[in-house]
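See structure below.
Values below: every heavy atom of this structure, side chains too, minus hydrogens, waters and symmetry copies.
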Amino acid sequence: MLRVVLGVVFIAHGAQKFAQGIPNVSRGFAGMGVPLAELAAPLVAGLELVGGAFLVLGIATRVVGALLAVNMVVAGLLAHATAGFFAQQGGFEYVLVLAVGSLAVALTGPGRLSLDALLLRTVRRRRGVDEPLPA
C-alpha cells in the first residue's frame, strides 16, 4: 500500500511540474538555489512522474525508491530546511515523510502484488526453482 500511495503522490507532483512548464519549474529551482536548474527541472519532473508510475506498478521498485528518496533529501536540504519543520510554513516535514517512505520501499522491496514479483516468479518457474518470494 505504501508503494502505491507514494507512487500516486509522486505522479501528481511530476505531472504538476510538467503542467507548470519545465522553464517555469527551472526558474523556480534556480530561485531556490538548485544547481544546474535547467537540467534538474526536467530530470526531477520525469523522475517523479515516471518513477511514481513505476512505484504504482511495482517496476524497478528498489532503484526507483532509492532515487526518489535522494530526490526528496536534496529537495529538503535545498528548498525546505531553512523554513523549519512544518510544511504549512514551507518546512521539510512533508519531504521528510516522502524521503523516508521512499527509502522504506527501496529497502523492503515491491511486495507480492507487483510486476517485479511477477517477473521474479516467472523467471523462477522457467528455471524450475520453486522458492517462496520474499515479502
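Note that the CD atom of Glu38 and the CZ atom of Arg27 stand 10.0 Å from one another [nearest 0.5 Å].
Closest approach of Ala45 and Ile22 over heavy atoms only: CB-CD1, 3.8 Å. Closest of all the heavy-atom pairs between Ala37 and Pro42 is O-CD, 4.5 Å. Of all heavy-atom pairs spanning Ala69 and Ala99, the tightest one is CB-O, 3.6 Å. What you find for Leu68 and Ser102 is that their closest heavy atoms are CB-OG, 3.8 Å. Contact detail for Gln20 and Val25: the closest heavy-atom pair is OE1-CG2, 3.5 Å. Here the closest heavy-atom approach between residue Ala117 and residue Gly111 is recorded as CB-O, 3.4 Å.
Residues Leu96 and Val70 are members of separate hydrophobic clusters, defined by side-chain heavy-atom contacts under 4.5 angstrom among Ile, Leu, Val, Met, Phe, Trp and Tyr. Leu107 and Leu2 fall into different hydrophobic clusters, defined by Ile, Leu, Val, Met, Phe, Trp and Tyr side-chain heavy atoms under 4.5 Å apart, directly or through other members. Residues Leu36 and Leu43 fall within the same hydrophobic cluster, defined by Ile, Leu, Val, Met, Phe, Trp and Tyr side chains chained together at heavy-atom separations under 4.5 Å. Hydrophobic clustering of Ile, Leu, Val, Met, Phe, Trp and Tyr side chains at less than 4.5 Å, counting indirect connections, unites Val50 with Val64. Linking ILVMFWY side-chain heavy atoms closer than 4.5 Å, directly or via other members, places Leu115 and Phe54 in a single hydrophobic cluster.
Inter-residue side-chain proximity for Met32 and Leu78 is flagged as unmet; no heavy-atom pair is nearer than 4.5 Å. Looking at Val73 and Leu77, their side chains come closer than 4.5 Å, going by heavy atoms from C-beta outward.
Without hydrogens or angle criteria, Asp116 side chain to Thr61 main chain gives a donor-acceptor distance under 3.5 Å. Panel note: side chain Thr122, backbone Leu118; a donor-acceptor pair is recorded below 3.5 Å. Of the possible polar contacts, none joining the Gln89 side chain to the Ala83 backbone as a donor-acceptor pair under 3.5 Å is found.
The ring-ring contact (aromatic ring centres under 6.0 Å, His included) test applied to His80 returns no partner, not counting sequence neighbours.
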### Task
Using the side chain to side chain contact (heavy atoms under 4.5 Å, CB included) rule, take Leu120 and Arg124 through it: C-alpha gap first, then chi angles, then the decisive distance, then the call.
CA-CA 6 Å; Leu120 185 58; Arg124 286 182 173 169; 4.0 Å; yes
Could you go through residues 3-17 and list every donor-acceptor pair under 3.5 Å that involves a side-chain atom there, pairing it with any protein atom two or more places apart or in another chain?
from	atom 1	to	atom 2	distance (Å)
Arg3	NE	Pro110	O	2.9
Arg3	NH1	Leu55	O	2.7
Arg3	NH1	Val56	O	2.9
Arg3	NH2	Leu113	O	2.5
His13	NE2	Tyr94	OH	3.4
Lys17	NZ	Glu48	OE1	2.8

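Under a cut-off of 6.0 angstrom, the local environment of CZ in Phe86 is sparse, with at most 12 non-hydrogen atoms contributed by other residues, nucleotides or ligands.
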